[in-house]
Amino acid sequence: MSATESATQGVEGKVLVHPRTVRITHWINVIAMLVMILSGWRIYNASPLFDFRFPRDITLGGWLGGALLWHFAAMWVLVVNGLVYVLHGIFAGHYRRDFLPISLPGIASEFGNALRGRLSHQVGVYNALQRAAYLGIIVVGIVLVLSGLAIWKPVQFQEIGALMGGYEGARLVHFIAMAAIVLFVVVHVVMVLLVPRTFLPMFTGWARKDH
């Protein structure tokens with residue numbers, strides 16, 4: 001019997017797949033990341049890296065100063081909330097139990113299944129592709145915050161900026177990290193639409209056991 005199953009004895013036909021801390025931090029992250037992305041697009045428009053701008057209607061802040069205020073407010077929420085999630089994952093055994101181990105052959109196999117529309121799913125169990133994606137997005141989030149600090153305070157955090165190739169390098173890293181998170185969100189939403197029974201447990205924590 002797994003740790004998750006043993007923790008849910010007495011709940012007939014159901015299994016706890018998302019503890020309360022995971023659910024709360026997940027939805028706070030959703031809101032914080034949405035605010036950061038939309039305000040970040042408005043900031044990007046003020047000094048674009050590439051030959052395009054985001055439509056003003058899908059940006060947040062109205063003007064550069066307003067966008068910066070939204071962006072930094074959401075950043076601190078994301079940092080604090082992210083620390084709570086990571087510490088919980090470490091000390092509650094969430095990462096060790098649900099995300100490890102990961103193997104390249106397993107990721108390649110599940111990626112092939114995904115391309116054929118046969119991605120495996122079992123309630124309370126993450127497949128190799130999901131494990132890699134969730135752990136990877138944590139790393140991307142850390143890079144996003146560090147590159148953001150290097151942009152925000154280039155003198156105070158010049159060592160971080162130097163690792164990224166200077167101020168402009170940090171901007172590029174920040175943009176790529178943002179794009180990776182947007183891609184993750186899009187794929188995540190598509191996967192939820194393909195397997196809709198995974199949505200409600202992110203509110204209740206509970207899901208029916210597979211038979």
Side-chain angles (χ1 to χ4, degrees), residues 1-40 58 60 73-100 102 106-107 110-111 113-114 117-142 144-145 177-211:
M1 181 177 293
S2 69
T4 301
E5 290 174 330
S6 63
T8 58
Q9 286 182 339
V11 183
E12 186 177 356
K14 291 187 177 181
V15 59
L16 179 64
V17 293
H18 301 302
R20 182 179 301 170
T21 301
V22 171
R23 301 197 307 272
I24 292 174
T25 54
H26 171 271
W27 290 113
I28 292 176
N29 273 339
V30 168
I31 296 171
M33 285 308 310
L34 181 62
V35 172
M36 284 199 69
I37 289 169
L38 298 184
S39 60
I58 62 171
L60 178 67
M75 180 195 74
W76 290 118
V77 172
L78 183 69
V79 168
V80 173
N81 190 65
L83 282 174
V84 171
Y85 174 75
V86 169
L87 291 175
H88 172 269
I90 293 172
F91 292 107
H94 174 49
Y95 296 154
R96 173 181 50 78
R97 183 177 62 248
D98 297 329
F99 293 158
L100 298 174
I102 296 178
I107 295 172
E110 287 298 341
F111 185 73
N113 291 337
R118 300 176 182 175
L119 191 64
S120 63
H121 177 76
Q122 181 181 349
V123 170
V125 178
Y126 295 90
N127 61 51
L129 198 57
Q130 289 174 312
R131 294 178 183 184
Y134 284 121
L135 288 178
I137 206 63
I138 293 172
V139 175
V140 170
I142 294 172
L144 187 75
V145 171
M178 178 275 297
I181 287 180
V182 171
L183 177 61
F184 173 85
V185 170
V186 171
V187 173
H188 187 60
V189 170
V190 170
M191 296 306 299
V192 170
L193 293 176
L194 291 175
V195 191
R197 64 178 177 150
T198 61
F199 181 68
L200 190 58
M202 278 311 306
F203 289 97
T204 66
W206 299 88
R208 293 195 175 278
K209 294 180 182 178
D210 292 323
H211 298 288

Hey, does the side chain of [X] reach the backbone of [Y] with a donor-acceptor pair shorter than 3.5 angstrom?
X	Y	answer
Trp206	Leu200	no
Arg23	Phe203	yes
Asn81	Thr25	yes

task: Kindly give the heavy-atom pair with the smallest separation between Ala74 and Met36, and that separation in Å.
output: CB-CG, 3.4 Å

field: Heavy-atom pair with the smallest gap, counting every atom of Leu38 and Ile58
entry: CD2-O, 3.0 Å

Please report the interatomic distance [atom1]([X]) to [atom2]([Y]), rounded to the nearest 0.5 Å.
X	Y	atom1	atom2	result
Tyr85	Asn29	OH	CG	8.5 Å
Leu144	Ile137	CG	CD1	9.0 Å
Met178	Ile181	CE	CD1	9.0 Å
His188	Leu193	NE2	CG	10.5 Å
Trp27	Met202	CH2	CE	6.5 Å

- request: Report yes if the side chains of Met33 and Phe184 come closer than 4.5 Å at any heavy-atom pair, otherwise no.
  value: no

- prompt: Do His88 and Val22 touch side chain to side chain, with heavy atoms closer than 4.5 Å?
  reply: yes

message: Test of understanding: with side-chain contact (heavy atoms from CB on, under 4.5 Å), list the residues that count as partners of Ala128, not counting sequence neighbours.
response: Ile107, Glu110

message: Take a 6.0 Å sphere around CH2 of Trp76 and say whether it holds more than 12 heavy atoms from other residues, nucleotides or ligands.
response: no

